[in-house]
Amino acid sequence: MNTVLGRRTRILAATTATAGLLFVAGCSSDDDSGGSGKQTAAGGVTLAKAGQLTTCTHLPYPPFQSEIDGKVQGFDVALIDLVADDLGVKQKIVDTPFENFKTGAFLNSGQCDLAAAGMTITEERKKNVDFSDPYFEATQAVLVDKKSGIGSFADLKGKKLGAQAQTTGEDYARDKGLDPVSFESSDAVLNGLRTGQVQAVVIDYPVVQGWLKDKANAGAFEVAENINTGEQYGFTVKKGNTKLLDAINKALAEAKTDGTYKKLYEQWIGPYDENAANAANAANAANAANAGNAESTDSASPSAS
């Protein structure tokens, strides 16, 4: 069992360039999806491949995961490194299309153990995957060209809007009667705004925070409105993979208790927002209480207790 002292000694490793992290651009033909290389790690967790915790993601999505100096780094990466450390293995990252996270395809095929992609917990997605406890409170931002005359979400009607395909930002815009142009990645969305393909974008605010750190971007673009949609991010595993889910939740809880979460948040996101941890902790406590009251209702969604 990891002590608080033991966890803190790992902070340095998690906050530097995630030394030893393996990265694969896409699922290559030599991936062993047949399970012949499977291994049981600490806590009885069965891994897709021996000696590694294989994480599906969709690059780039800074500050959660992106390639920096030849290595995939970010907030999600650092948190899952803690899980891998607990299991006594290294994390390996596989870049996959974002739509696979909604279906759980690569989890079900055994090509990945979990998915970490700044993914919002939704009831629809819970039908295909099991979510970890929430680890991040997210909002949507309306990012615009300063010359656009757009001052809020309400001003978007009749404007050319962009959003990342298959995301809650795109869903939100469509639900409000808008027809956004779909882009494959967050980088493509922001580039579409920069090059004038669209006049505004709806995108997760943490992504915007990082993008506006560039002085050229901050000089030309601004956040017209922040939209609190009540979204929370979670990591996902194959439905029924309770042992790995428990390992992820344990690592998250320890990180929030011993200060690791705060340190990583400040490194990758910015000034620490107490609500980012507290709201998630409150949700976790409510989930635990509800689970205890619903033992007789097995048909309930495992992540929606």
Side-chain angles (χ1 to χ4, degrees), residues 1-21 41-45 47 52-55 57 62-65 68 71-93 113-119 121 130-138 206 209-210 231-237 241-289 291-292 303 305:
M1 178 177 294
N2 291 304
T3 64
V4 171
L5 178 60
R7 171 70 77 187
R8 286 177 176 167
T9 61
R10 301 204 306 271
I11 293 176
L12 179 60
T15 56
T16 53
T18 54
L21 182 68
V45 176
L47 301 176
Q52 64 189 43
L53 181 64
T54 309
T55 302
T57 194
F64 296 91
Q65 52 271 324
I68 304 171
K71 297 176 181 177
V72 180
Q73 304 179 60
F75 189 56
D76 283 3
V77 178
L79 289 175
I80 296 302
D81 271 346
L82 300 178
V83 181
D85 192 27
D86 285 347
L87 298 178
V89 297
K90 294 291 186 181
Q91 181 182 185
K92 171 186 174 181
I93 293 180
D113 296 304
L114 72 140
M119 187 170 174
I121 301 170
D130 284 348
F131 276 94
S132 71
D133 292 335
Y135 69 90
F136 188 81
E137 303 291 312
Q209 281 180 293
E231 295 179 41
Q232 295 178 313
Y233 288 171
F235 302 119
T236 63
V237 301
N241 190 352
T242 56
K243 289 185 177 180
L244 178 54
L245 199 63
D246 288 345
I248 294 170
N249 289 338
K250 176 176 176 288
L252 290 175
E254 289 181 351
K256 288 174 181 177
T257 298
D258 66 26
T260 305
Y261 180 94
K262 181 176 184 290
K263 189 175 184 69
L264 294 176
Y265 189 102
E266 290 173 340
Q267 178 187 358
W268 294 107
I269 307 298
Y272 182 62
D273 179 1
E274 193 72 26
N275 290 331
N278 287 347
N281 286 340
N284 298 345
N287 287 343
S303 299
S305 59

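The shown structure was predicted, so the numbers you read here are calculated from the model rather than taken from an experiment.
- By the 30° and 60° cut-offs, the orientation of the rings of Phe75 relative to Tyr135 is tilted.
- Atoms CG and NZ, from Leu79 and Lys256 in turn, are 8.5 Å apart once rounded to the nearest 0.5 Å.
- Rounded to the nearest 0.5 Å, atoms CG (Asp86) and CG (Asp81) are 11.0 Å apart.
- Proximity of a side-chain donor or acceptor of Gln73 to a complementary backbone N or O of Ile68 within less than 3.5 Å is detected.
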> How far apart are the C-alpha atoms of Asn241 and Asp130, what are their side-chain angles, what is the distance that settles it, and do they pass the side chain to side chain contact (heavy atoms under 4.5 Å, CB included) test?
Replying inline: CA-CA 8 Å; Asn241 190 352; Asp130 284 348; over 6 Å; no

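- At distances below 3.5 Å, at least one donor-acceptor pair connects side-chain atoms of Asp113 with backbone N or O atoms of Thr54.
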> Does the pair Glu254 and Leu82 meet the rule for a side chain to side chain contact (heavy atoms under 4.5 Å, CB included), with working shown?
Replying inline: CA-CA 10 Å; Glu254 289 181 351; Leu82 300 178; over 6 Å; no

> What do the steps show when you test Val83 against Phe235 for side chain to side chain contact (heavy atoms under 4.5 Å, CB included), and what is the final call?
Replying inline: CA-CA 11 Å; Val83 181; Phe235 302 119; over 6 Å; no

> Does the side chain to side chain contact (heavy atoms under 4.5 Å, CB included) test come out yes or no for Leu87 and Leu47, once each step is laid out?
Replying inline: CA-CA 10 Å; Leu87 298 178; Leu47 301 176; 4.2 Å; yes

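- For the atom pair Gln209 CD and Trp268 CH2, the distance stands at 14.5 Å (nearest 0.5 Å).
- Contact check for Val77 versus Lys71: no side-chain heavy atoms found under the 4.5 Å cut-off.
- Every residue meeting the side chain to side chain contact (heavy atoms under 4.5 Å, CB included) condition with Ala138, not counting sequence neighbours, appears here in chain and number order: Phe136, Glu231, Tyr233.
- Counting heavy atoms from C-beta on, the side chains of Thr236 and Met119 come closer than 4.5 Å.
- With sequence neighbours excluded, the residues that form a side chain to side chain donor-acceptor pair (under 3.5 Å) with Thr55 are Gln91.
- With sequence neighbours excluded, the residues forming a side chain to side chain donor-acceptor pair (under 3.5 Å) with Glu266 are Lys262, listed by chain and number.
- Within the 4.5 Å cutoff, the side chain of Ile269 has heavy atoms near those of the Phe64 side chain.
- Although no hydrogens or angles enter the test, the distance criterion places a donor-acceptor pair under 3.5 Å between the side chain of Asn249 and the main chain of Asp133.
- With contacts defined as side-chain heavy-atom distances shorter than 4.5 Å, the pair Leu53/Leu114 qualifies.
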